[in-house]
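The structure under discussion appears below in the form of structure tokens.
Each ligand, and each atom within it, is numbered from 1 in the order the structure gives. The model shown is predicted, which means the values in this text are computed figures rather than measured ones.
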Amino acid sequence: MRLVVYNDWRIGVQTDAGIHDISRLIAAPWGGTPYAMNWLVTHFDGIRRDVDRCAGEAAPVSLSAVRLRPPVPVPMQLLAAPANNAAHSKEMRGISGSPAGPLRTPREVGFFLKAPGSMIGPADAIELPPLPGRRFDHEAELALVIGREARAVSRERALEHVFGYTCLIDVTLRAGGGRDEERPMRKSYATFTPVGPALVTADEVPNPSELGVRLWVNGDLRQNARVAELIVGVPELIEIASHVLPLQPGDLYTTGSPSGVGPLAPGDTLVVELDRVGRMTLPVRQREW
Ligand code: MN
């Protein structure tokens with residue numbers, strides 16, 4: 001099932017016909033708020049048949065007639081894996097501000113956090129802040145959404161805690177020009193985390209490793225890889241993080257970018273695509289504030 005959040009925090013099921021509104025299933029006081037999807041994820045197993053029936057009864061609305069939001073607008077945690085692809089780690093050597101040796105993987109350094117407030121919907125604009133001489137990069141990534149609280153979970157059981165998957169671009173300000181801000185800040189400028197277009201439930205993605213991820217800038221294919229190339233895969237990422245703190249229903253964990261990372265400029269158009277999950281098209285602009 002493909003779940004979307006749209007307009008003023010409505011929840012829909014996306015089919016080939018369009019979006020079917022199921023907002024009336026969301027209990028008060030969460031319905032109509034940015035937290036509606038957290039409630040749905042938490043209660044989904046118990047109301048899945050109601051979701052099917054409600055979606056079947058709702059007339060489809062065209063995708064082009066709505067504004068899609070991030071499919072989980074307010075995760076309690078937005079975790080991210082650093083340097084989780086060998087080819088990407090290699091290409092980062094020599095980029096200004098990167099360490100000279102091989103980058104350490106999530107097995108050594110764990111996760112970092114992006115601010116959830118940096119998220120935007122799958123057709124919103126990425127806005128580059130006025131920082132002359134600095135480089136902004138795209139990182140196309142698979143993100144997972146937690147379904148059941150994960151506390152000290154083994155990698156063997158980790159996928160039982162995954163509700164579904166979505167696509168995420170981890171936009172990044174590189175260190176440089178004598179500046180080396182903390183990683184969470186460089187990756188948390190407003191609009192630096194496009195997410196979507198849908199949250200696809202895990203039953204439609206039996207093996208996330210098989211998914212291909214691709215990203216184009218102005219029509220040029222820049223990133224093209226399989227999730228299987230991750231150094232630390234989805235189950236082990238959950239194992240590591242869930243021993244630090246319990247992961248909550250609706251939490252997002254973005255798994256790290258393949259190689260092909262490169263700079264963005266105002267006027268660019270980004271397209272990112274993840275097998276079985278979908279595609280986002282995002283313009284890049286100069287920030288006006
Ligand atoms: Mn990343």
message: Test of understanding: with ring-ring contact (aromatic ring centres under 6.0 Å, His included), list the residues that count as partners of His20, not counting sequence neighbours.
response: none
message: Is it true that Glu204 and Thr201 share a donor-acceptor pair across their side chains at a distance under 3.5 Å?
response: no
task: Spell out the protein N/O/S atoms under 2.8 Å from the Mn ion (ligand 1) as residue plus atom name.
output: Glu139 OE1, Glu141 OE2, Asp170 OD2
message: Holding to salt bridge (charged side-chain N to carboxylate O under 4.0 Å, His left out), I want the full list of residues that pass it with Asp268, two or more places apart in sequence or in another chain.
response: none
message: Once ring-ring contact (aromatic ring centres under 6.0 Å, His included) is applied, do any residues pair with Phe111, and if so which ones, sequence neighbours excluded?
response: none
message: With salt bridge (charged side-chain N to carboxylate O under 4.0 Å, His left out) as the test, pick out the partner of Glu139 among Lys187, Arg186, Arg222.
response: Lys187
message: Checking side-chain polar atoms at under 3.5 Å, does Glu91 have a donor or acceptor matched by the opposite partner on Ser259?
response: no
